[in-house]
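Right, one structure below, let's go through it.
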Number of protein chains: 2
Amino acid sequence: MANINEIAKIAGVSSATVSRVINRNGYVSDDTRAKVEAVIKKLDYVPNRNAVFLKTGTTKMLGIIAPDFSDSLTVFLRSFTLAAQKEGYNVTLFITGGDKQKELDAFEMLRHKQLDGLVLVIRLNDWDQLEPFTKYGPIVTWQRVDSKHIPSVFMNHYQGYMLGLEHLYASGCRNIANLYGSTRGLNTKSRMQAYADFCQKYKLDPKLEQQFKGLNSIEDGEAILDWYAEQSDKPDGFATSSDAVAAGLVAEARRRGYNIPTDFSVVGFDNIEISRLLDITTIDYPIAKQAQNAFTIIFNQLLYKNLPLLPLEFDLIKRKTTR
Amino acid sequence: MANINEIAKIAGVSSATVSRVINRNGYVSDDTRAKVEAVIKKLDYVPNRNAVFLKTGTTKMLGIIAPDFSDSLTVFLRSFTLAAQKEGYNVTLFITGGDKQKELDAFEMLRHKQLDGLVLVIRLNDWDQLEPFTKYGPIVTWQRVDSKHIPSVFMNHYQGYMLGLEHLYASGCRNIANLYGSTRGLNTKSRMQAYADFCQKYKLDPKLEQQFKGLNSIEDGEAILDWYAEQSDKPDGFATSSDAVAAGLVAEARRRGYNIPTDFSVVGFDNIEISRLLDITTIDYPIAKQAQNAFTIIFNQLLYKNLPLLPLEFDLIKRKTTR
DNA sequence: TTGTAAGCGTTATCAG
DNA sequence: CTGATAACGCTTACAA
């Protein structure tokens, strides 16, 4: 394939001039420009980007690391990709499947200068292991992180979760079961704190046997019905940490002939498509906006800009699974 | 940051030797190897991949182009990414949003040697526009394509759709409405053909006023209920081209108090999570396997291998929306 | 306004 | 087994 020297030779100029034509910097007379452009077009020439990358030390490629696909990741990915593309960046996805080494591999690509920036959705390795990489390029996380070097688009779930709890209380629930997500995550801690404060505020018994952790999938939600069926002191409301879990719960309950919200109420979390489909009351979690902010942070850092971030807040979406 | 020459100097060898150590080709004495490796570790050196790319003319990066996110794209993307990562390739996603130019941009990246291969999910530009790019690297499509140069993991939807139709017939439906997808796609044509043949086989009236085209989303499925409510001669079965449409239809029907399958039957298409959640009878469409095949085809072409492809076939998944 | 030439950091071919 | 050295294709001072 043709390269810049070939173009230069045919056009009767130097490669430097061709480069100037391509990149529109430096002075080039209209004549020469026209001549060069004609040759470029005729030979169907394009610069080899790898050479450009080597020279400029930038790839216009961003990475996003996650353990696996999930509904909310999809929302995030979509929004992030769109924002990035608008500024001429491409996005590559790393699915670690829980493998710490794979997470590190992605960070290595930043170090190898193959990536300009990185978004870490859910961290696998320890922060002190990851933090050293900040010197190779901007890194943003979706989780909360107590690091000066790693910015985050994290939102404190305490308020969001409390919104759901308060709604359940207002609609008559006094015996609420909680379906928390990841046992390790800080979000779970915030939610548990919200529940504790909630119980204290309304003088409720924070029944510990009704608090579940580590539930994430639709299947996890469905499985709860087995537990529910066996209880004598059944909860009258479920607060959940994701729409997926809530969806599993609601779908399985309907299958088994329970009536929601007569038998019990359910509040989801995220406000993704599935909750709308199943008419599940949920908490709107502005993931798309977070993703846009993630990009903006990286972009700002990369180009020494200072573009403003979008404001983020939770919102209760009342639907049919609560009274 | 340290480069290969620096390592070479400190280790007291030449850069060629360092390169041999890194890439484990050529002979290096154990002594020298140990010495070099020690320096590499001490200086925390990694090769600059952009230099490697420039030199080798390969990036270990594949692209996947789609107009937008959808449930089935997510399944495809997930499976493809996993397969690619297993062989050391990364995947970058191009969302065109229906913009032909963006599709071309991705193809340009192949030409610019920034991508080793490309998967085109749904084509926007004409084939003759795209075909010239095959000389820059392997391209695979998910759609059917009558081109010698562009392989496809396409499955003829005729048989799959017929499976659903036959099932509806067997369970008593004699008045079937069809909810087709994209008006342009060949899949829609195949499905329509299947329906035509089906009607002929069983001597049914192929009621043209009950055939809808261009339905893709959950919302589209929901909207059908408005139409249904107004009909005097109501269909007793719906065949659909996607689980999303079927899900919208089923969810909205249940909301409005219809009983499925008593009032009418519904067959989805794809067998993605949502159909399981809503207990929708559907046709299993092995998207994940198609994605694996897509990768295998690219991989084979890139490395002159001849790995076998997975066999693909449709399957009826009987659930609760049909009798 | 244009050309020369020195890198960017590797890999790979030849000698030795 | 190891070392020089010539590419790979481009950008960018510095000269002219």
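Per chain, numbering begins at 1; letters A, B, ... match sequence-line order.
Heavy-atom neighbours of B/Lys102 NZ from other residues, nucleotides or ligands within 6.0 Å: above the threshold of 12.
Contact annotation: side chain of B/Lys55 to base of C/dT10, donor-acceptor pair absent below 3.5 Å.
As judged by a 4.0 angstrom heavy-atom cut-off over every strand, A/Asn50 is placed among residues making no nucleic acid contact. Counting any heavy atom pair closer than 4.0 Å across all strands shown, B/Val13 reaches sugar-phosphate atoms only and no base atom.
Across D/dC10, D/dT11, D/dG3, the shortest atom-to-atom separation from the side chain of A/Asn3 is found for D/dC10. Listed nucleotides C/dT10, D/dT2, C/dT4 differ in distance to A/Ala16; the shortest reach to its side chain belongs to C/dT4. Comparing D/dC10, D/dC14, D/dG3 by their closest approach to the side chain of A/Pro47 singles out D/dC10. Closest to the side chain of A/Ser19, from the set D/dT11, C/dG3, C/dT11, is D/dT11. Proximity note for A/Ile4 (side chain, C-beta onward) versus D/dC10, D/dT2, C/dG3: the nearest is D/dC10. Relative to the side chain of A/Thr56, the nucleotides D/dT5, D/dT11, C/dT4 differ in distance, and D/dT11 lies closest. Taking every side-chain heavy atom of B/Ser29 into account, D/dC1 is the closest of D/dC1, C/dT11, C/dT4.
A residue-by-residue look at B/Leu54 and B/Tyr27 shows that B/Tyr27 has its nearest nucleotide of DNA chain D further toward the 5' end. Along DNA chain C, the nucleotide nearest to B/Tyr45 and the one nearest to B/Arg20 differ in position, and the one closer to the 5' end is contacted by B/Tyr45.
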side-chain hydrogen bond (donor to acceptor under 3.5 Å, both in side chains) assessment of B/Asn90 paired with A/Thr92 | CA-CA 7 Å; B/Asn90 287 115; A/Thr92 162; 4.7 Å; no
Yes or no on ring-ring contact (aromatic ring centres under 6.0 Å, His included) for B/Tyr136 and B/His112, after CA distance, side-chain angles and deciding distance?
-> CA-CA 9 Å; B/Tyr136 305 117; B/His112 287 241; 9.4 Å; no
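Between the NZ atom of B/Lys35 and the C1' atom of D/dT2 there is a distance of 11 Å, given to the nearest Å. We find that CD1 of B/Ile7 is positioned 9 Å from P of C/dT10, with the value rounded to whole Å. D/dC1 atom C1' lies 12 Å from atom CG of B/Asp31, rounded to whole Å. A/Asn48 places its CG atom 17 Å from the P atom of D/dA7, with the value rounded to the nearest Å. The distance between atom NZ of B/Lys9 and atom C1' of D/dG3, rounded to the nearest whole Å, is 15 Å. At whole-Å resolution of the value, CZ in A/Phe53 and P in C/dG7 are 24 Å apart. Rounded to a whole Å, the CD1 atom of A/Ile40 is 16 Å from the P atom of D/dG9. B/Asn5 has its CG atom 13 Å from the P atom of D/dG3, to the nearest Å.
A close approach under 4.0 Å does occur between a side-chain nitrogen or oxygen of A/Asn23 and OP1 or OP2 of D/dT11. Between C/dG3 and A/Thr17, a contact under 4.0 Å exists linking OP1 or OP2 to a side-chain N or O. In this model, the phosphate group of C/dT1 is not approached by any side-chain N or O of A/Thr32 to a distance below 4.0 Å at OP1 or OP2.
In this structure, A/Tyr285 and A/Trp142 have parallel ring planes: the angle between them is below the 30° cut-off, well short of the 60° mark.
One side chain, B/Thr59 or B/Asp116, offers a donor N or O that lies under 3.5 Å from an acceptor on the other.
Between the side chain of B/Asp30 and the backbone N or O of B/Arg33 there is no donor-acceptor pair closer than 3.5 Å.
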